[in-house]
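To start, the structure under review is shown below, and the notes come after it.
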Protein chains: 2
Amino acid sequence: MVDTPRPPATLADVAERAGVSRQTVSNAINNPALLRPDTLARVQEAIEQLDYTPNQAARHLRTRSSHLVGLRLGPAQEFTANMAMDRFVHALVEASREAGYHILLFSGGRVAEGELPDPLGGYDDLLRSTAVDAFVVTDTYLGNPQTVGLAQRRAPFVAFGRPWDDTAASHPWVDVDGAAGVEAATEHLRAQGHERIAWLGWQPGSRIGEDRRAGWHRSMATHALSTTGLEAAVSDTVDAGREAAATLLDTSGPTAFVCASDTLAVGVLHALAQRGQKPGADVGVVGFDDSQVAQVMGLTSVRQPLEEVAVHLVAALRALLAPGRPASDGVLLQPSLRIRASSVR
Amino acid sequence: MVDTPRPPATLADVAERAGVSRQTVSNAINNPALLRPDTLARVQEAIEQLDYTPNQAARHLRTRSSHLVGLRLGPAQEFTANMAMDRFVHALVEASREAGYHILLFSGGRVAEGELPDPLGGYDDLLRSTAVDAFVVTDTYLGNPQTVGLAQRRAPFVAFGRPWDDTAASHPWVDVDGAAGVEAATEHLRAQGHERIAWLGWQPGSRIGEDRRAGWHRSMATHALSTTGLEAAVSDTVDAGREAAATLLDTSGPTAFVCASDTLAVGVLHALAQRGQKPGADVGVVGFDDSQVAQVMGLTSVRQPLEEVAVHLVAALRALLAPGRPASDGVLLQPSLRIRASSVR
DNA sequence: ATGAAAGCGCTAACAG
DNA sequence: CTGTTAGCGCTTTCAT
């Protein structure tokens, strides 16, 4: 009753069945145009009948290409980055599939208390063991030791995130224009009649944070609105956001908040609830990331086009791995604003 | 100035450098006990100097084991499942790493409007092409066509999720005792003095949903509390949860809600906000999944031990792929209750 | 304890 | 257009 799990068919099996040589079968798969139509048909029929699928390992060994792309899941990813990571991974898997690639997840390894994570942890082995063809690097917000390190090792990779201050960088990258997103958010609040629009951002040192703040500043300048006393820089937690919002409300009476993250925006919502003020009607609030939290709480938020990011990353990957390496380049995509109750009067 | 990217060292390179045969180097890596200490040391030194890492493709071809485990990311994952997926994937990657496995993500493929997704979409090719050694199957909540299908194909896999009604199932699985989690949640609300505790669940047809509901029912029975008029079954959205909660509050005056998901619990919070009632102080609310949303909104929630689930899954995987296949078995883990403001008076 | 030979399944290069 | 030859880097016999 037990149908013995026969070993999968090989090229040789197909060749024999179709009455051709192994090479011809190989061509039928990788270069069908080279075959005469009738031969091709015969081979394809044999493939069908034997339910043949090429052995990846053998192909990989021969062609030195695994069609695998490595993606490192950070050691206990930063909360903020985490909020959108899920969507990004989905998008990347989908985009890769269409290009014939699979995503290989790996971990940076556990980081001991008080130790800095090895920025290249895990990359090296995967690369040298020829387990992956290339990497997608996402955590460029840490500064960019990994892009530099990978470049030194001549590892093929594409980055989600600009090479901010590394002018020597010469790898392909895709990023989202955070400043433009925040600017649109600020414009939106202005259009709702707000003039005292506060910025709730992160502590200095994050290029991403500085970029987003710039969008607020630009918009305020455009409308000749004062920004003095209207900003705070805190760590990316709900509590920090709540406290900072409360202080700002007490000291300089903003009527709206633009935040560097949904997390901070939720903090603002908490502060408003504590004082019995209604988001939207009383005080406008906009977050960043369009996380599930924003969707569920009715929080207006800047949404990164992660699906598009993924498609561009995969396109860059293909170009990178194709024979004639074209010049590296960067792509900057525009986010969109998801307007919900928290910013509408 | 360009340091030519020399091809990685091979076994032969190491052998030559160490003055031994290739085979001895192979043994040094896979079976060090076979070597004389001094030979071993010499080989290891050569490995070090040449920065040698075994070529995965060659090893894979030879041993027929890729050390890759496939995980399918569902086509536009159900919202609920999604909320905890991120944490699970992290946990799985981490657990796999320690066992020398990597996670290969693949997509079920896009599902056309109105079409049912192919439950085995993507699995087959990966398996026959020897790209992965095994699978982790997560979406058993769909019923379990994939476990049945995979079993038929004799594909090695372990499941996160019980084989509910498939008594013939003989694969290893790990699951979380949802009923126990909900029971604990209900007990907690009872300890807070609540007697009219409502259940807000999903529409029938989901074994997971029925299981969770059973926990509520059991707890209510234990305390001889009536459940009549105290339950609603809706689809898993915030709006549906809000409406159902409002109706229940109007018709049968519950003082607390236990919900099948955080999504529904958020709906309850919305309903309370609309009537000016305070979660915790006025009406107790407990969700399920301990998602970011719960953490950020101060929602008490049942938390699945996903890290532990991952560890058990990987252990099962190792046993499955090891020579002497031990009998399959299941593991049922206990969730814990994360108590926050929404359930405390 | 070490070495020699064979071959996993495939494709690149060349020959016919 | 099709077939032959060779070899990717490794591990598994089987000798020594």
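Quantities reported herein were computed from a predicted structural model and do not represent experimental measurements. Chain letters run A, B, ... following the sequence lines, proteins first, then strands; residues in each count from 1.
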Which nucleotide in dG3(C), dC10(C), dG9(D) has an atom nearest any side-chain atom of N55(A):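 Comparing dG3(C), dC10(C), dG9(D) against the side chain of N55(A), the answer is dC10(C).
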Y52(A) side chain, from C-beta outward: closest of dG9(D), dC10(D), dC10(C):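 For the Y52(A) side chain, the nearest candidate turns out to be dC10(C).
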Please give, in whole Å, the distance from [N] [atom2] to [X] [atom1]?
{"X": "H67(B)", "N": "dC10(D)", "atom1": "NE2", "atom2": "C1'", "value": "13 Å"}
{"X": "L61(B)", "N": "dG7(D)", "atom1": "CG", "atom2": "P", "value": "17 Å"}
{"X": "H60(B)", "N": "dT11(D)", "atom1": "NE2", "atom2": "C1'", "value": "14 Å"}
{"X": "Q56(A)", "N": "dT11(C)", "atom1": "CD", "atom2": "C1'", "value": "13 Å"}
{"X": "L34(B)", "N": "dT13(D)", "atom1": "CG", "atom2": "P", "value": "14 Å"}
{"X": "E16(B)", "N": "dG9(D)", "atom1": "CD", "atom2": "P", "value": "14 Å"}
{"X": "R64(A)", "N": "dC10(C)", "atom1": "CZ", "atom2": "C1'", "value": "13 Å"}
{"X": "Q23(B)", "N": "dG3(C)", "atom1": "CD", "atom2": "P", "value": "10 Å"}

D13(A) vs R17(A), salt bridge (charged side-chain N to carboxylate O under 4.0 Å, His left out): CA-CA, chis, key distance, verdict: CA-CA 6 Å; D13(A) 298 332; R17(A) 173 135 200 156; over 6 Å; no
[N] phosphate, OP1 or OP2: any side-chain N/O from [X] under 4.0 angstrom?
{"X": "T63(B)", "N": "dC10(D)", "value": "no"}
{"X": "T39(A)", "N": "dT2(D)", "value": "yes"}
{"X": "S26(B)", "N": "dT11(D)", "value": "yes"}

Toward the 5' end of DNA chain D, by each residue's nearest nucleotide, G19(A) or P8(B): G19(A)
Tell me what [X] touches on the nucleic acid: a base, only sugar-phosphate, or nothing, going by heavy atoms under 4.0 Å.
{"X": "L35(B)", "answer": "sugar-phosphate"}
{"X": "L11(A)", "answer": "base"}
{"X": "S21(B)", "answer": "base"}

Within the 6.0 Å centroid threshold, strictly below: F157(B) and Y123(B):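 Judged by ring-centre distance (under 6.0 Å), F157(B) and Y123(B) do not meet the cut-off.
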Qualifying residue for side chain to side chain contact (heavy atoms under 4.5 Å, CB included) with L92(B), from V136(B), V311(B), T138(B):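 Filter result, single survivor: V136(B).
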Residue met sooner reading DNA chain C from 5', once R62(B) and N27(B) are mapped to nucleotides: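 Here N27(B) is the residue nearer the 5' end.
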Aromatic plane relationship, F106(B) with H102(A) - under 30° parallel, 30 to 60° tilted, over 60° perpendicular: perpendicular
Any donor-acceptor N or O pair under 3.5 Å, side chains D125(B), T53(A): no
Polar pair under 3.5 Å, donor/acceptor by atom type, side chain R22(A), base dT11(C):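 Result: at least one qualifying N/O pair found.
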